[in-house]
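To keep things clear, I will list the structure first and then write my remarks on it.
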Protein chains: 2
Amino acid sequence: MNATHHHSGKHPAPKLSPNQSKILGCLREAGEPMSAYAILDHVRNDGIAHPPTVYRALNDLMKKGMVHRLESRSAFIACGDGACDGRFAFAICRACDKVVEIHLSKGDQTRLLGLAPAEIVPEQVTLEITGLCEACAPVQAAPV
Amino acid sequence: MNATHHHSGKHPAPKLSPNQSKILGCLREAGEPMSAYAILDHVRNDGIAHPPTVYRALNDLMKKGMVHRLESRSAFIACGDGACDGRFAFAICRACDKVVEIHLSKGDQTRLLGLAPAEIVPEQVTLEITGLCEACAPVQAAPV
DNA sequence: CATAAGCGTGATATAACATAACAGCCTCGG
DNA sequence: CCGAGGCTGTTATGTTATATCACGCTTATG
């Protein structure tokens with residue numbers, strides 16, 4: 001699971017440290033959001049033993065656009081694309097925690113940033129849409 | 001103007017418990033986001049002494065639409081409108097923490113919900129736009 | 001009155017999430 | 001040799017949130 005030379009193309013060169021690779025590998029294997037401490041539990045085998053080590057790697061991976069944080073759940077997930085430019089959104093099933101990454105078009109991004117009031121110059125967007133996925137819809141009642 | 005009939009007009013009847021009133025008052029006085037523990041510090045005078053008391057009131061107030069949670073900061077803020085229907089967004093200055101509540105038009109709401117993939121039926125939107133306000137722009141460099 | 005149900009609250013304890021601060025070990029360039 | 005910088009390890013602590021049980025008050029009922 002060494003992602004050190006992935007395919008070249010859209011994405012900037014990764015250049016990951018050993019710890020970053022381990023943690024990214026863990027998140028990619030899971031394919032779903034994990035809390036920092038859940039990650040820690042899964043990489044103890046790999047010699048990572050303390051929270052700061054995990055958070056350091058996660059923060060570095062987020063700067064590279066390879067991991068995103070789901071604010072509404074305090075959880076982290078690998079970017080479905082390898083890496084992206086920071087303009088993205090998520091749809092999350094409230095019942096099973098399934099996450100779908102939404103790729104925002106240029107137009108979407110512009111419209112979103114345009115919602116900011118004149119007094120604040122927008123830089124970054126956090127957009128998370130919660131709902132119910134196909135599988136969970138039949139067995140759940142609407143709470144809102 | 002006590003229209004306790006149905007929820008006529010924009011705002012449903014408040015009917016707050018004493019603790020809810022104290023905590024909403026605290027947030028309204030502040031006019032800015034506060035962490036649950038910052039709120040706790042400010043209402044100790046009023047006889048509230050433990051975290052669960054604060055969280056209980058905050059959760060009730062959020063259900064009523066009178067308080068919102070800023071996911072990206074783990075903070076709470078009084079609704080600028082008294083109460084609203086849950087379709088709103090925030091613009092936040094990353095330097096001074098100033099928050100502006102953005103009221104989404106019907107069209108904005110529809111577009112946002114439309115971003116959800118087919119496999120997840122959207123129910124709720126969390127949109128937070130971080131940037132730099134007029135006052136802070138001159139003295140801050142862009143980090144991203 | 002007695003009693004039970006329901007609700008808001010008080011209080012203890014602990015869980016879950018995150019970072020500050022410092023120390024060790026490399027490698028690189030002088 | 002020596003210092004700078006990058007990455008990691010480690011200890012300790014700070015911050016955010018909830019589970020659980022107990023208490024007192026009001027109300028409905030017999």
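In what follows, every chain begins at residue 1, and chains take the letters A, B, ... in the order their sequences are listed. These values consider heavy atoms only, across backbone and side chains, with no hydrogens, waters or symmetry-generated copies.
Nearest nucleotide to the A:His50 side chain, out of C:dA20, C:dA11, D:dG9: D:dG9. Ranking D:dT18, C:dC17, C:dT19 by closeness to the A:Ser74 side chain, first place goes to C:dC17.
Look at A:Tyr37 and the base of C:dC17; the rings stack, centres closer than 5.5 Å and planes less than 30° apart.
Residue A:Ser17 has no polar side-chain atom (N or O) positioned under 4.0 Å from OP1 or OP2 of D:dG6. Taking 4.0 angstrom as the limit, B:Tyr55 places a side-chain polar atom (N or O) nearer than this to OP1 or OP2 of D:dA17. In this model, the phosphate group of C:dC17 is approached by a side-chain N or O of A:Ser35 to a distance below 4.0 Å at OP1 or OP2. Put simply, B:Arg69 has a side-chain N or O that comes within less than 4.0 Å of OP1 or OP2 on D:dA17. Between B:Thr53 and the phosphate of C:dA11, there is no side-chain N or O to OP1/OP2 separation shorter than 4.0 Å. Phosphate proximity of D:dG9 to A:Asn19: present, with a side-chain N or O under 4.0 Å from OP1 or OP2.
Looking at which nucleotide of DNA chain C each of B:Pro52 and B:Pro18 is closest to, the 5′-most match is held by B:Pro18.
With no hydrogens or angles considered, no side-chain donor-acceptor pair links A:Glu71 and A:Thr126 at under 3.5 Å.
Surrounding CD of B:Glu29 are at most 12 heavy atoms belonging to other residues, nucleotides or ligands under 6.0 Å away.
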